[in-house]
2 protein chains.
Amino acid sequence: MSSASASEPQTGEIMPDWVRPIVKESLSERAYRELRVALMRGQLRPDTRLRLRPMSARFGISATPMREALLRLVSEKALALDARGSVVVPRLALDQLLEIRAIRTDLEGRAAAAAIASPAGEIDALEAIHVQISQCHASRDFAQAVNLNTEFHLSLCRLGRMPILYEIVELLWVRCGPILSHLYDDGVPDWEPHPHRRIIDALRRGDSDTARDAVREDIERGGSGLFAHVRPSPAG
Amino acid sequence: MSSASASEPQTGEIMPDWVRPIVKESLSERAYRELRVALMRGQLRPDTRLRLRPMSARFGISATPMREALLRLVSEKALALDARGSVVVPRLALDQLLEIRAIRTDLEGRAAAAAIASPAGEIDALEAIHVQISQCHASRDFAQAVNLNTEFHLSLCRLGRMPILYEIVELLWVRCGPILSHLYDDGVPDWEPHPHRRIIDALRRGDSDTARDAVREDIERGGSGLFAHVRPSPAG
DNA sequence: GCCCGATATTTGTTATAACAAATTACAAAC
DNA sequence: GTTTGTAATTTGTTATAACAAATATCGGGC
């Protein structure tokens, strides 16, 4: 580690920039990150129990960092604790799904409105994602379409350049992860024009109001296939 | 499972309901909760270092649950890690404060709009908080006024009955905690009518649009005293 | 006075062990 | 076959120890 570490005191030497990205990732953070992407990709089914010691064995680490990773996801509500104190993959309630959609309407809408300042290349990249989604629809590759749809929304949020907002929205998507695989259970929407297209066109025209409204339309009209996989709300 | 502990197998016995509130709070959760309210009350100054072992000594617990509590707050971004890996009370950047205000406008605005369905008594309670704030202004008790102002906004959000939204907003307030004590550094605003009053009146009239707009006004025009205590944004 | 370098301490991280509570497994009794 | 009671296992929680890296302390040289 001759030259990289960020905490090294300044030598007179001038270092090229490309030596820096030596990141030291703790064991708990690696486990956290792996579990998180597994959640977002829908690879963990609701009600799955994640027991501490079996998990730490699977990851090849001790209980302490594994517990850290699990509890961090619990604190984000991406996972939950059952009555026994065991970590489980939660099943979203109807109330929660509706609330998440409402919050996403506000936040993703604001991000989209802020994204009109984006350079053309980044809007092109967003469009490229939507083209891939359309291809997945055509080839009936719904698993990939789900992941790309997530990527579309998160990429759009990144264009808004609001890091705090982005993290909130990402948390909401993680929470929906376990049921997201059913996004297309009701079939492929064939709206014309697709809300994603409306978003992209609005961004190109610098029309923030239309961008925001297209996001709202996408959220409100989409995702109907998810409702079959939420639990009824308590006393609702 | 007629009435008692959720995990207890069904005995024929019928238990009164009041035996239930036996809550077992783990050591880490108690430390987490205490630190969190200390943050929200502005009792921890920015750049304060919270070292692991001294902290666990102060709380009279071992390093493991203390580390859990600290890392949980780090994961919520209520605390941060410096280059050494030490936990520190972060200093908000200007960008972040502006972004938090924008997000609060959306979310607290939506909560206020949803709160028009609230029973009259709860709106009265909200008004009572604002009356206390006015009294604090008159008696120059700004420390208490800050806490009550926080309580006003969080109470308003609770009225919206959107638990996920509420938790997000609360997180945003926790992140502002370390600089909130400077809320009145620019003096007491003497707008007429005070936005809080507009909110309360709008709730009573069931006017969701005005409620939302009054929240926006309160956020946009208030809190100018905070800007002197944020660090300049990186390359901003 | 200031700077340098070796030692001692403290730091965050991870592993392991001890503990109580809960769950499971299993065999005896009905 | 079902139930019941006891033992064995597994669970989450907490404490403690070991480790390397970073930091602080302190003395000597200039």
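The model shown is predicted, which means the values in this text are computed figures rather than measured ones. Lettering of chains follows the sequences in order, A, B, ..., and the numbering in each one begins at 1.
Comparing C/dT23, C/dA15, C/dG12 by their closest approach to the side chain of A/Ile61 singles out C/dA15. Distances were taken from every side-chain heavy atom of A/Arg51 (C-beta onward) to each of C/dT16, D/dT13, D/dT11; the shortest belongs to D/dT11. In the set C/dT14, D/dA18, D/dG12, the nucleotide with an atom closest to the side chain of A/Arg53 is D/dG12. Nearest nucleotide to the side chain of B/Leu52, out of C/dT13, C/dT23, D/dT16: C/dT13. Which of C/dT23, D/dT14, D/dA22 sits closest to the side chain of A/Arg84 comes down to C/dT23.
One can place CE of A/Met66 at 17 Å from C1' of D/dT13, the figure rounded to the nearest angstrom. Summarising the geometry, the separation between CG on A/Asp82 and P on D/dT11 is reported as 12 Å, rounded to the nearest angstrom. Rounded to whole angstrom, the span from the CE atom of A/Met55 across to the C1' atom of D/dT10 amounts to 16 Å. Atom CD in A/Glu68 sits about 16 Å away from atom P in D/dG12, given to the nearest Å. Taking atom CZ of A/Arg49 as the reference point, atom P of C/dT23 lies 8 Å away to the nearest angstrom.
Position along DNA chain D of the nearest nucleotide to B/Pro65 versus A/Pro54 favours A/Pro54 as the more 5'-ward residue.
The residues A/Glu68 and B/Arg67 are annotated as salt-bridged, a charged nitrogen and a carboxylate oxygen being separated by less than 4.0 angstrom. A salt bridge is defined here as a Lys NZ or Arg NE, NH1 or NH2 lying under 4.0 Å from an Asp or Glu carboxylate O, and B/Glu167 with A/Lys77 meets this definition. A salt bridge is absent between B/Glu108 and B/Arg101; no separation between the charged side-chain nitrogens and carboxylate oxygens falls under 4.0 Å.
At least one side-chain nitrogen or oxygen of A/Ser62 sits closer than 4.0 Å to the OP1 or OP2 atom of C/dA15. Between A/Arg67 and D/dG12 there is no side-chain polar atom (N or O) within less than 4.0 angstrom of OP1 or OP2.
Judged by distance alone with a 3.5 Å cut-off, a donor-acceptor contact links the side chain of A/Thr64 to the base of C/dT16.
Judged by distance alone, the side chain of B/Ser155 and the main-chain N or O of B/Phe152 form no donor-acceptor pair under 3.5 Å.
The aromatic rings of B/Trp173 and B/His153 are tilted relative to each other, their planes meeting at an angle between 30° and 60°.
Nucleic acid contact for A/Ser26: sugar-phosphate only, since backbone atoms but no base atoms lie under 4.0 Å from a heavy atom of the residue. Backbone-only contact: B/Leu27 has heavy atoms under 4.0 Å from sugar-phosphate atoms and none from a base.
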